[in-house]
Engineer: 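My structure is below; once you've seen it, I'll send some questions.
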Amino acid sequence: MAYTTIDNPELYFQTKLYSGNDTDDHAITLDGDENMSPNLVWIKSRALTHNHQIHDTVRGVTKHISSDVTNAEATEATGLKSFDSDGFTLGTWDSVNVASSGTYVAWCWKAGTTSGISGSPDITPESYSFNATSGFSIIKFTGTNSNATLPHGLGVAPSLIMTKGLATTEGWGVGGKHLNNWNNYISLNGNYGGWDDVTMWNDTAPTSTLFTVGTGNITNDNELIIAYCFAPIQGFSSIGAYTGNGNADGPMIVTGMKPSWVMVKRTGDTGKWFIQDNKRDGYNATYKSMIANTSGAEDTNSTALSIDYLSNGFKLRNSYSELNTSGDTYIYMAFAEAPFV
């Protein structure tokens with residue numbers, strides 16, 4: 001974990017709940033005390049069966065990819081139309097702005113630096129945006145199908161990277177420190193466990209300046225690819241793994257901060273990608289979940305999905321198999337509401 005401490009997480013990550021109105025130029029203003037101009041906006045309809053819509057400033061406005069399908073990048077002129085100084089503006093596309101049953105959640109990350117990335121890579125990115133303070137970068141590059149290195153801009157080795165080819169229907173590739181130290185990968189659009197595949201990351205952990213891709217189509221096809229890179233930052237983010245105990249009094253996962261957002265995936269067996277945040281419930285125990293690998297509406301199973309957000313981490317309050325099977329391993333990524341300082 002990087003030694004930089006972030007005292008105000010709202011400068012770099014915010015969750016926004018909003019209602020659609022089916023009108024053009026619908027401006028969504030983030031709720032935090034600090035204005036934040038997001039570089040990654042991930043939107044999901046809460047009540048309707050719509051794909052997740054992921055937008056970023058590197059690919060540009062109106063362009064979207066989805067975590068729950070393998071579809072190529074698409075352009076929707078009435079989708080996300082601008083990234084603003086305090087939020088974003090939408091058109092009338094029903095996946096992001098329908099009036100009837102149109103309740104949405106948007107998860108927003110800040111990167112922002114678009115020049116001066118360091119390293120001597122094999123592949124020079126087409127474009128990028130990075131923020132070493134918050135441990136987050138967006139890298140767009142053209143793959144080569146040959147083992148290669150790329151810069152990530154974070155100054156410390158990322159612990160988790162997600163990639164998606166933009167032109168083809170190859171799936172998502174997720175690799176990380178806690179996926180057998182970059183020897184395994186998981187698909188964000190699938191529910192299966194981790195696979196050992198040297199072609200994904202060439203079985204090579206990132207350095208403080210570079211990450212490595214192998215010869216596989218998912219991470220390094222001959223096309224444009226987007227990579228989202230995350231490094232844990234004290235007081236702001238935590239990336240790790242835990243072992244389930246199978247009890248309703250589940251494991252306590254120490255993150256060093258009070259989470260505002262948590263994503264969990266079982267790695268040794270099938271399991272969904274569960275995403276919870278502190279806005280949709282607004283109290284402990286949280287239980288409303290979006291599933292990153294499905295287009296379904298919000299899951300509100302309070303018995304199976306309950307998690308407590310505590311001052312220094314989160315605690316499982318369930319024995320649900322896909323979150324807390326005894327002896328199974330789960331990876332997680334969490335972002336802070338407040339640091340434990």
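In what follows, every heavy atom counts, from backbone to side chain, and hydrogens, waters and symmetry copies are set aside.
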Engineer: Is the ring pair Y18/F88 parallel, tilted or perpendicular, if the boundaries are 30 and 60 degrees?
Structural biologist: perpendicular
Engineer: Taking only Lys NZ, Arg NE, NH1 and NH2, and the carboxylate oxygens of Asp or Glu, determine whether K81 and D24 approach each other closer than 4.0 Å.
Structural biologist: yes
Engineer: If we ignore hydrogens and angles and just use 3.5 Å, is the side chain of D277 paired with the main-chain N or O of R280 as donor and acceptor?
Structural biologist: yes
Engineer: Look only at the side chain of E223 and the backbone of L166, and say whether a donor-acceptor pair between them is shorter than 3.5 Å.
Structural biologist: yes
Engineer: Counting the benzene-type ring for Trp, do Y185 and W182 have ring centres under 6.0 Å apart?
Structural biologist: no
Engineer: Between W93 and H26 (judged by ring centroids, cut-off 6.0 Å), do the two rings come close enough to count as a pair?
Structural biologist: no
Engineer: Which word best sums up how the rings of Y128 and F130 line up, parallel for under 30°, tilted for 30 to 60°, or perpendicular for over 60°?
Structural biologist: tilted
Engineer: Do side-chain atoms of N202 reach the backbone of T204 as a donor and acceptor pair under 3.5 angstrom?
Structural biologist: no
Engineer: Classify the side-chain pair N324/N245 by whether it contains a donor and acceptor separated by less than 3.5 Å.
Structural biologist: yes
Engineer: Output, in order, the C-alpha distance, side-chain angles, deciding distance and verdict of side-chain contact (heavy atoms from CB on, under 4.5 Å) for N189 and T70.
Structural biologist: CA-CA 7 Å; N189 55 274; T70 64; 3.4 Å; yes
Engineer: Decide if the gap between the ring center of W273 and the ring center of W172 is smaller than 6.0 angstrom.
Structural biologist: no
Engineer: Would you say the rings of F335 and Y12 are close, in the sense that their centroids are separated by under 6.0 Å?
Structural biologist: no
Engineer: Any non-hydrogen side-chain atom of K315 less than 4.5 Å from a side-chain atom of Y309?
Structural biologist: no
Engineer: Is a side-chain N or O of T325 found less than 3.5 angstrom from the main chain of D328, in a donor-acceptor match?
Structural biologist: no
Engineer: Of the options W261, F83, F236, which is the one that meets W109 in a ring-ring contact (aromatic ring centres under 6.0 Å, His included)?
Structural biologist: W261
Engineer: Identify the two heavy atoms, one from V213 and one from T219, that lie closest to each other, and give their separation to 0.1 Å.
Structural biologist: CG1-O, 3.7 Å
Engineer: Taking the side chain as C-beta and beyond, is there a heavy-atom pair between L80 and V96 under 4.5 Å?
Structural biologist: no
Engineer: Please check: side-chain N/O of S66 versus main-chain N/O of V69, any donor-acceptor pairing under 3.5 Å?
Structural biologist: no
Engineer: A side-chain contact here means heavy atoms from C-beta on lying under 4.5 Å apart; do I123 and T142 qualify?
Structural biologist: no
Engineer: Using a strict 4.0 Å threshold on nitrogen-to-oxygen distance, state whether E322 and R266 make a salt bridge.
Structural biologist: no
Engineer: Between K140 and L224, is there a side-chain heavy-atom distance shorter than 4.5 Å?
Structural biologist: yes
Engineer: Between R317 and D308, is there a salt bridge with N-O shorter than 4.0 Å?
Structural biologist: yes
Engineer: Give a yes or no on whether a salt bridge exists between K288 and D299, defined as a side-chain N under 4.0 angstrom from a carboxylate O.
Structural biologist: no
Engineer: Any side-chain donor paired with an acceptor under 3.5 Å for N51 and D68?
Structural biologist: yes
Engineer: Ignoring hydrogens, what is the shortest heavy-atom contact between S137 and H152? Give both atom names and the distance.
Structural biologist: OG-O, 2.8 Å
Engineer: Given F230, which partner from the list F211, Y332, F136, F13 fulfils the ring-ring contact (aromatic ring centres under 6.0 Å, His included) test?
Structural biologist: F136
